[in-house]
Amino acid sequence: MLSLAFAAWCAVAPLPPPLAWNGKSRELIAKPDDRWITVAEKTGFHATPTYQQTVVWLKQLAAAAPEEGRDIWMVIVSRDRLFTPETLQRAARPTLFVQAGIHAGEIDGKDAGLMFLRELTVTGRWKALLDKANFLFVPIFNVDGHERASQYGRINQRGPDVTGWRTNAQNLNLNRDYTKVDTDEMRAMIAALDRWRPDLYMDIHVSDGSDYQYDVTFGWNAGAHSPQSTRWLNGTLEPSLRSALNAMGHIPGPLIPEDPVNGLTIVTLPPRFSNGYGDLRHIPSILVETHSLKPYEQRVLGTLVLLQSALQTLGLEGVALKRAEMYDRESRPDPVPVDWRVPKDSPTVEMMDFLGVESRTSPSAISGSTRIEYLGKPATRRLAVYRQNEVSLSIPRAKAYWIPAAWSSIADRLKMHGIAVDRISEARDVAVEMYRLDNPRLDAEPFEGHVRVAATPRLELRTERFPAGSYRVSTEQPLGDLAAVLLEPASSDSFLQWGFFHSIFQRTEYAEAYVTEPMAEQMLAEDPALKSEFDRRLATDEAFRASAEQRLNFFYSRTPFADSRWRLYPVARER
Ligand SMILES: [Zn+2]
């Protein structure tokens with residue numbers, strides 16, 4: 001039985017000591033008698049509003065502020081009340097799209113966003129920002145996870161007192177769903193991105209991991225499908241955000257994937273993640289991770305400063321960004337990059353002063369390994385920085401992909417992304433390249449509701465008949481790179497690797513032994529090379545020698561009766 005004392009002790013996670021902080025951004029907190037004070041502010045940043053409270057507050061704000069409309073959970077803020085995608089895009093002002101709570105326990109973006117909406121509208125403090133840019137805001141993306149609220153949702157995080165849960169009601173992680181689009185939440189989000197076409201997409205999280213001084217970390221992929229936009233992020237946005245945060249008493253830092261003992265790596269996340277996906281569809285995208293060990297107040301205020309600075313920078317520098325986006329959307333890279341790595345031998349090593357926290361390690365009787373304790377004292381150390389910006393895998397750009405009519409489910413999933421898909425009304429013979437998938441390896445456990453598979457693709461030249469109702473997906477479109485990443489089997493976010501094509505790995509028709517035996521005898525008699533190959537397998541491969549099935553199959557697979565389409569990936573590349 002659990003003793004009462006034990007249960008009470010367990011109910012509070014023993015986090016490392018906080019660092020003292022008194023930032024200028026505290027000036028942004030509403031006064032206690034302000035009608036528009038948020039739940040977080042009113043409770044000294046102990047609480048965050050429920051879904052219901054959030055919606056009620058937003059409805060009241062919308063009624064009081066004519067600049068604002070609503071699209072279920074998405075708030076649209078536009079000076080001229082341009083509340084449809086078409087009117088918003090006709091006006092030249094760039095648009096910032098911010099989502100909070102994709103991991104619902106990491107909810108800083110919601111509370112910062114509510115304060116930001118107030119300052120853009122009813123108080124008027126930052127109203128002028130709307131002269132030059134629009135703001136779209138999803139306060140709670142993972143709504144079901146948000147309402148799975150408890151004191152125990154975020155063990156590594158310093159507030160709020162009650163938080164939601166990482167995954168949705170199907171236990172799926174929305175920040176792994178951008179390419180496979182299994183969830184209703186993601187289908188709605190991608191439809192919104194496709195319709196509203198923001199110029200900057202921001203996804204707000206809270207970190208886990210090691211202790212350090214930075215309170216707001218942010219960044220984007222080191223390797224880019226949108227190189228011109230990434231240049232703008234590096235050269236224009238990053239310095240603006242940094243100086244705004246510094247001026248308001250915050251400590252901005254780079255994304256820190258793990259305790260950087262041997263150097264800090266700026267990673268390139270695959271497109272199943274928000275910022276990898278945004279980059280792939282040519283929407284410049286920012287991943288924000290506030291630091292879980294900082295108090296909730298400090299994190300929310302830092303996020304608020306970040307939002308203000310991002311919208312301001314977009315308004316001032318949006319023309320250059322729109323030009324960069326246009327260039328990225330119109331470029332047709334050949335080959336199409338699908339994976340990146342840290343360059344092997346870089347002539348120079350980039351260094352940084354890493355604002356860490358003192359720690360001590362000791363042997364652990366609990367884990368049998370090493371125990372780390374963070375001591376709450378700042379400690380700067382010199383670190384090497386590595387960037388995953390060298391292409392490690394790329395695929396020659398196909399003119400188009402062909403999908404047989406029978407695989408309409410794949411075409412439908414492409415359409416969910418907004419990819420243009422044509423359907424043919426008469427059968428066509430097309431000269432194509434197709435992949436034979438050798439050596440398929442299925443994962444032992446499911447991941448995000450799928451049993452993933454990797455295989456070794458081997459190209460075959462074929463002329464293939466596509467029946468009426470088949471699909472042609474041109475790569476001559478802004479989302480052509482995305483189509484390639486979803487359809488090329490070597491890509492880790494391909495529909496193939498997510499397991500949408502498992503049926504092609506099954507063997508279906510088979511031969512009886514009494515049919516194969518006499519065929520094998522005749523083949524051996526007529527083909528000395530085949531005989532010596534068979535003899536060599538018998539002599540060198542014990543498993544083969546011991547398996548009647550494998551021995552018979554050796555011959556059956558060489559007859560025209562064997563399935564010529566076994567392990568043939570049905571999506572073809574147009575030559
Ligand atoms: Zn997260």
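Values below: every heavy atom of this structure, side chains too, minus hydrogens, waters and symmetry copies. Just follow the structure's listing: the first ligand is 1, and inside any ligand the first atom is 1.
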For N/O/S atoms only: which one belongs to His205 and is nearest the Zn ion (ligand 1)? ND1
Among the N, O or S atoms of His103, which one sits nearest to the Zn ion (ligand 1)? ND1
Any N/O/S of Glu106 under 2.8 Å from the Zn ion (ligand 1)? yes
Under 3.5 Å side-chain donor-acceptor pair for Asp328 and Gln228: no
Does the cation-pi check pass for Arg148 over Trp165, that is, NZ or CZ under 6.0 Å from the six-membered ring centre and within 45° of its axis?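 Because its charged atom sits under 6.0 Å from the ring centre and within 45° of the axis, Arg148 does stack over Trp165.
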Side-chain ion pair, Arg299 and Asp108, N-O less than 4.0 Å: yes
Checking Asp199 against Arg93 for the salt bridge (charged side-chain N to carboxylate O under 4.0 Å, His left out) test, could you report, in this order, the C-alpha distance in whole Å, the side-chain angles of both residues, the deciding distance, and whether it holds? CA-CA 10 Å; Asp199 299 283; Arg93 278 191 288 273; over 6 Å; no
